[in-house]
Amino acid sequence: TGSTRAERLLKAVQKNARRGDPQSVISAIDHYCRHSEWAMNVGDEKGSILDSVLSEVSPSCALELGTYCGYSTVRIARLLPPGATFVTVEFNPKYAKVARQVIEFAGLQDKVKLIEGASGDLIPKMKELFGNVTFDFVFLDHWKDRYVLDTKLLEDCGLLRKGSVLLADNVICPGTPEYLAYVRNNPRYKSTYYKSHLEYTKVEDGLEKSVFMG
Ligand SMILES: Cn1cnc(CNC(=O)c2cc(-c3ccc(F)cc3)cc(O)c2O)c1
Ligand SMILES: [Mg+2]
């Protein structure tokens, strides 16, 4: 049978990027998705905002919900300080398989712990899996109807600390209205909206940064 979109994206990385060079992997994916076949990576425009928020936070412990093909995983892992713990969660085994190869092609496999499963099942297991961690930075980019549930789960499982930064993709398109309402009306969060565009398009989208006040 034919390849999937994710497998074609991986082929484009293997063909056009340089092994061990994260920036070339990022550029190869952006070029392919802009000129050949759209895919739901955070993309270069929102990716630059992600980079700047990451550089501000410089997390020693980071979590990503929704690995997909590993594009934002590579963007995040390439900017982490040495020795940082970075966990990324993907539900779909086919995406996880592609992401592992993209992350490995970039040479970042030693910085990333990719775990397969449902965020709702794995979040309560984080302390058991990684020791008594709290996350300094969380990138939400998975199923949009899971953002609120999983944020509450992170709070209830003691995985956030005073100053933890949540950065959420797609708060306009496809949209996460409940999540925006939750973080913007909740005194325990200080939220900022970064206006941008849906990856590789002119459609409005944006990232919401929310600092947990403990
Ligand atoms: C199946 N699945 C596995 N992971 C997920 C979670 N991600 C998304 O759903 C997602 C969707 C879109 C998007 C899709 C169609 C459209 F017309 C406009 C936007 C963009 C994104 O950046 C996303 O992160 C879904
Ligand atoms: Mg997204």
Side-chain angles (χ1 to χ4, degrees), residues 2-10 12-13 25-26 29-54 62-77 79 86-103 112 114-123 137-151 153-154 165-180 182-183 191-210:
S3 65
T4 64
R5 185 186 302 247
E7 285 160 347
R8 293 190 292 273
L9 183 149
L10 172 61
V13 168
V25 169
I26 292 164
I29 293 173
D30 284 331
H31 188 274
Y32 179 74
C33 293
R34 188 174 289 283
H35 300 293
S36 303
E37 187 176 26
W38 187 93
M40 58 182 168
N41 318 116
V42 73
D44 44 354
E45 190 180 320
K46 289 186 287 179
S48 299
I49 300 167
L50 168 62
D51 289 358
S52 61
V53 171
L54 258 176
L63 172 66
E64 173 181 60
L65 300 177
T67 315
Y68 186 40
C69 293
Y71 173 88
S72 47
T73 318
V74 168
R75 285 202 84 110
I76 293 167
L79 294 179
F86 178 29
V87 182
T88 183
V89 173
E90 178 52 54
F91 174 75
N92 182 317
K94 288 187 171 61
Y95 293 158
K97 188 172 184 326
V98 165
R100 288 187 199 286
Q101 296 173 82
V102 168
I103 294 159
V112 180
L114 195 164
I115 49 177
E116 290 181 43
S119 52
D121 298 337
L122 291 171
I123 287 170
F137 178 83
V138 182
F139 183 53
L140 297 94
D141 193 23
H142 60 327
W143 285 332
K144 309 314 161 193
D145 62 0
R146 290 281 330 176
Y147 282 26
V148 179
L149 280 167
D150 288 342
T151 298
L153 207 47
L154 287 165
V165 172
L166 306 185
L167 188 64
D169 190 25
N170 310 117
V171 296
I172 304 301
C173 178
T176 61
E178 285 168 58
Y179 176 77
L180 283 185
Y182 179 70
V183 290
S191 280
T192 313
Y193 175 60
Y194 295 84
K195 189 171 190 281
S196 184
H197 295 94
L198 177 68
E199 46 269 28
Y200 319 116
T201 78
K202 293 184 168 34
V203 174
E204 183 181 343
D205 189 19
L207 300 171
E208 186 84 356
K209 181 179 97 169
S210 305

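What's counted below: heavy atoms across the whole structure, side chains too, no hydrogens, waters or symmetry copies. Just so you know, ligand 1 is whichever comes first in the structure, and atom 1 is the first atom listed for that ligand.
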- Query: Would you call Arg100-Glu116 a salt bridge at under 4.0 Å N-O?
  - Reply: yes
- Message: With side-chain contact (heavy atoms from CB on, under 4.5 Å) as the test, pick out the partner of Leu9 among Ser36, Cys33, Ser3.
- Response: Cys33
- Do Asp44 and Tyr71 touch side chain to side chain, with heavy atoms closer than 4.5 Å? yes
- Message: Any atom of ligand 1 sitting under 4.0 Å from a heavy atom of Pro174?
- Response: yes
- Message: Within the structure, is a non-hydrogen atom of Tyr68 found at a distance of less than 4.0 Å from ligand 1?
- Response: no
- Message: For atom 1 (C) of ligand 1, what's the nearest protein heavy-atom neighbour? Residue, atom name and distance, please.
- Response: Trp143 NE1, 3.8 Å
- Message: Distance alone, cut at 3.5 Å: any donor-acceptor contact between the side chains of Asp205 and Ser196?
- Response: no
- Note on the structure: Note: ligand 1 atoms sitting under 4.0 Å from heavy atoms of Glu199 are 20 (C), 21 (C), 22 (O)
- Would you please classify the geometry between the His142 ring and the Tyr147 ring as parallel, tilted or perpendicular, with 30° and 60° separating the classes? parallel
- Message: Residue-level breakdown please: for Asn41 versus ligand 1, do any non-hydrogen atoms fall below 4.0 Å on the side chain, on the backbone, on both, or on neither?
- Response: neither
- Query: Under 4.0 Å from ligand 1, counting heavy atoms only, is it the side chain of Asn170, its backbone, both or neither?
  - Reply: side chain
- Task: Fit a plane to each ring of His35 and His31, take the angle between them on a 0 to 90° scale, and name the class: parallel (under 30°), tilted (30 to 60°) or perpendicular (over 60°).
- Result: tilted
- Task: Identify, by atom number and element, the atoms of ligand 1 in contact range of His142, meaning under 4.0 Å from any of its heavy atoms.
- Result: 6 (C), 7 (N)
- Contacting atoms of ligand 1, where contact means under 4.0 angstrom from a heavy atom of Tyr95: 3 (C)
- Message: Is there a polar contact between ligand 1 and Lys46, counting only N or O atoms under 3.5 Å apart?
- Response: no
- Item | Interatomic distance, Phe91 atom CZ to Ile115 atom CD1 [nearest 0.5 angstrom] | 14.0 Å
- shortest atom 4 (N) of ligand 1-to-protein heavy-atom contact is with Met40 CE, 3.7 Å
- Message: Could you check whether any side-chain heavy atom of Phe86 comes within less than 4.5 Å of a side-chain heavy atom of Thr73, counting everything from C-beta outward?
- Response: yes
- Message: Within the structure, is a non-hydrogen atom of Phe91 found at a distance of less than 4.0 Å from ligand 1?
- Response: no
- Rounded to 10 degrees, what angle sits at the Mg ion (ligand 2) between Asn170 OD1 and Asp141 OD1? 90°
- Query: Quick one: which ligand 1 atoms are inside 4.0 Å of a heavy atom on Asp169?
  - Reply: 22 (O)
- Message: For atom 16 (C) of ligand 1, is there a protein heavy atom at a distance under 4.0 Å?
- Response: no
- Query: What's the atom name of the N, O or S in Asp169 nearest to the Mg ion (ligand 2)?
  - Reply: OD2
- So which heavy atom in the protein is nearest atom 8 (C) of ligand 1, and how far is it from that ligand atom? Lys144 CE, 3.4 Å
- Can you tell me if Glu208 and Thr192 form a side-chain donor-acceptor pair at under 3.5 Å? no
- Message: Can you name the atoms of ligand 1, numbered from 1 with element, that are less than 4.0 Å from a heavy atom of Trp38?
- Response: 13 (C), 14 (C)
- Assess Leu198 for proximity to ligand 1: is some non-hydrogen atom of it under 4.0 Å away? yes
- Task: Would you indicate whether the side-chain heavy atoms of Leu167 and Val138 approach each other to under 4.5 Å?
- Result: no
- Decide whether Asp30 and Tyr200 meet the rule of one side-chain donor and one side-chain acceptor closer than 3.5 Å. yes
